[in-house]
Number of protein chains: 2
Amino acid sequence: MPTMTAAQRRARDRDLYNAYVAECPSRQVLDAISDKWVTLVLNALADGPLRYSDLARRIAGVSQKMLTQTLRRLERDGLLTRTITPSVPVRVDYQLTGLGETILPVVTAIKQWSEAHIDAIHAARDDYDHGRSGGQ
Amino acid sequence: MPTMTAAQRRARDRDLYNAYVAECPSRQVLDAISDKWVTLVLNALADGPLRYSDLARRIAGVSQKMLTQTLRRLERDGLLTRTITPSVPVRVDYQLTGLGETILPVVTAIKQWSEAHIDAIHAARDDYDHGRSGGQ
DNA sequence: CAGGATCCTAGTCGATACTG
DNA sequence: CAGTATCGACTAGGATCCTG
């Protein structure tokens, strides 16, 4: 017996919807690569394998928490490998897998679209911001 | 004399870096389309223009706050247009612009890569999760 | 050198209530 | 119908300290 009306209905709809969305491969991948640091790490490793500290230096502003977290996620997704060399000071190398390399074109596609249309976006924003009428 | 050493140095480095990153077109676009609702709105409007309430119904689980926020952002970026018809109950139509339509292939590219490799990712995750040796 | 554990802040998102 | 405004829950992310 439903005390619920619109509110709970929407809540349930949302749950169902989220479940559906969570299944969607595009969403999952989008979640994966949309991360701020993921693309940066991917690009950094595009040139070849790097050590942890090299990555940290290369990406500069990243906290080690985020770097480690990002690397772990990418490793988990099979996009890169983590190789530990138990030398005196431990050495860890990260490198893209074959799968990891196949995603580079996608990132490139995004980059190309971006570079092609970013000015249009900026223009649109500019136009939108100090908007219409007679403002200056 | 500066009390700061490594800490503040890194903070400044990060600021500089963030400023640089903020300039990057790819980053900006990635930020724009990586949003949970953006792709959904984009896809919903791919079929043609829709009214606000239609969008709300179509996307189902979205709160009107998020929907409005997403629509405003996309309008600001020039990806869609907002047309107000001052009828008795106000009517507002949203529709993709030419620019908005050009980004659909990019989303499609992501979707295709996703569908092609999502099983590999799942396998990698599965492999990574109950991980190593012979454990299960 | 590489990273785990903690604490804490700032931005995100949803629910609710109200407006034109 | 199509929003705006506000509040509170949640969480991502950064700083710091500590370990193997």
Side-chain angles (χ1 to χ4, degrees), chain A residues 4-18 21 31-32 34-38 40-41 49-76 80-95, chain B residues 3-18 21-22 31-32 34-38 40-41 49-76 80-95:
Chain A
M4 60 111 128
T5 22
Q8 297 199 351
R9 258 254 306 263
R10 258 185 310 170
R12 194 184 47 182
D13 283 352
R14 177 164 41 74
D15 287 346
L16 290 172
Y17 190 79
N18 285 340
V21 161
D31 275 349
S34 71
D35 187 86
K36 184 176 182 177
W37 305 111
V38 166
L40 296 171
V41 169
L50 289 174
R51 291 206 298 268
Y52 182 87
S53 49
D54 287 333
L55 277 169
R57 250 184 300 280
R58 185 101 157 219
I59 305 189
V62 69
S63 63
Q64 39 69 308
K65 177 184 176 180
M66 280 303 98
L67 182 55
T68 301
Q69 183 174 302
T70 302
L71 290 169
R72 283 280 141 49
R73 185 159 16 182
L74 290 174
E75 184 197 2
R76 189 172 104 101
L80 56 79
T81 56
R82 177 166 171 263
T83 310
I84 308 169
T85 308
S87 24
V88 188
V90 190
R91 172 195 176 118
V92 181
D93 286 88
Y94 293 91
Q95 124 172 260
Chain B
T3 316
M4 62 108 127
T5 21
Q8 298 199 349
R9 260 254 306 260
R10 257 185 309 168
R12 195 183 45 181
D13 283 351
R14 177 165 42 73
D15 287 346
L16 290 172
Y17 189 78
N18 285 340
V21 160
D31 275 348
S34 71
D35 186 85
K36 182 177 180 178
W37 305 111
V38 166
L40 296 171
V41 168
L50 289 173
R51 290 205 297 269
Y52 181 87
S53 49
D54 287 333
L55 277 169
R57 249 184 302 279
R58 185 100 158 221
I59 304 188
V62 69
S63 63
Q64 34 71 305
K65 176 184 175 179
M66 280 302 98
L67 182 54
T68 300
Q69 184 174 302
T70 302
L71 290 169
R72 283 282 139 56
R73 184 160 16 183
L74 291 175
E75 184 197 3
R76 189 172 104 101
L80 54 80
T81 56
R82 177 166 171 264
T83 308
I84 308 170
T85 307
S87 24
V88 189
V90 190
R91 173 196 176 116
V92 182
D93 287 87
Y94 293 91
Q95 123 173 260

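Letters go in sequence order (proteins before strands), and every chain restarts at 1. Quick caveat, the model's predicted, so the values are computed rather than measured.
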### Summary
Hits for side chain to side chain donor-acceptor pair (under 3.5 Å) against A/Asp54, two or more places apart or cross-chain, chain-then-number order -> none
### Message
Test of understanding: with side chain to side chain donor-acceptor pair (under 3.5 Å), list the residues that count as partners of B/Thr68, not counting sequence neighbours.
### Response
B/Tyr52
## Note on the structure
To the nearest angstrom, the CD-C1' distance between B/Gln69 and C/dG14 comes to 11 Å
### Task
Rounding to 10 degrees, work out the angle separating the end axes of the helix from C/dC1-D/dG20 to C/dG20-D/dC1 (five pairs an end).
40°
### Message
Could you tell me how far apart A/Arg58 (CZ) and C/dA2 (P) are, to the nearest whole angstrom?
### Response
15 Å
### Query
In a check of side chain to side chain contact (heavy atoms under 4.5 Å, CB included) between A/Arg73 and each of A/Val41, A/Asp35, A/Leu80, which one passes?
A/Asp35
Scan nucleotides 1-3 of chain D against the protein and return all N/O pairs shorter than 3.5 Å with their distances rounded to 0.1 Å.
| residue | atom | partner | partner atom | Å |
| --- | --- | --- | --- | --- |
| D/dC1 | O3' | B/Val90 | O | 3.2 |
| D/dA2 | OP1 | B/Val92 | N | 3.3 |
| D/dA2 | OP2 | B/Ser53 | N | 3.0 |
| D/dA2 | OP2 | B/Ser53 | OG | 2.8 |
| D/dG3 | OP1 | B/Arg72 | NH2 | 3.0 |
| D/dG3 | OP1 | B/Arg82 | NE | 3.1 |
| D/dG3 | OP1 | B/Arg82 | NH2 | 2.6 |
| D/dG3 | OP2 | B/Tyr94 | OH | 2.6 |

### Task
Using whole Å, report how far CG of B/Leu67 lies from P of C/dG14.
11 Å
## Note on the structure
The nucleotide from C/dC13, D/dG13, C/dG14 with an atom nearest the side chain of B/Asp35 is C/dC13
### Query
What pairs with B/Asp93 under side chain to side chain donor-acceptor pair (under 3.5 Å), at least two apart in sequence or on another chain?
B/Arg91
### Task
List in chain and number order the residues that pass salt bridge (charged side-chain N to carboxylate O under 4.0 Å, His left out) with B/Arg76, two or more places apart in sequence or in another chain; answer none if no residue qualifies.
A/Asp129
### Task
Calculate the interatomic distance between A/Met66 atom CE and C/dA2 atom P; express it in whole Å.
19 Å
### Task
Drop me the distance from B/Ile59's CD1 to B/Leu50's CG, to the nearest 0.5 angstrom.
8.5 Å
### Query
A/Arg72 and A/Gln69: side chain to side chain contact (heavy atoms under 4.5 Å, CB included), yes or no, with the steps?
CA-CA 5 Å; A/Arg72 283 280 141 49; A/Gln69 183 174 302; 5.8 Å; no
### Task
Please lay out, stage by stage, how A/Leu55 and A/Leu71 fare under the test side chain to side chain contact (heavy atoms under 4.5 Å, CB included).
CA-CA 10 Å; A/Leu55 277 169; A/Leu71 290 169; 3.8 Å; yes
### Query
Quick one: B/Lys65 NZ to D/dT4 P, roughly how many Å, whole number?
12 Å
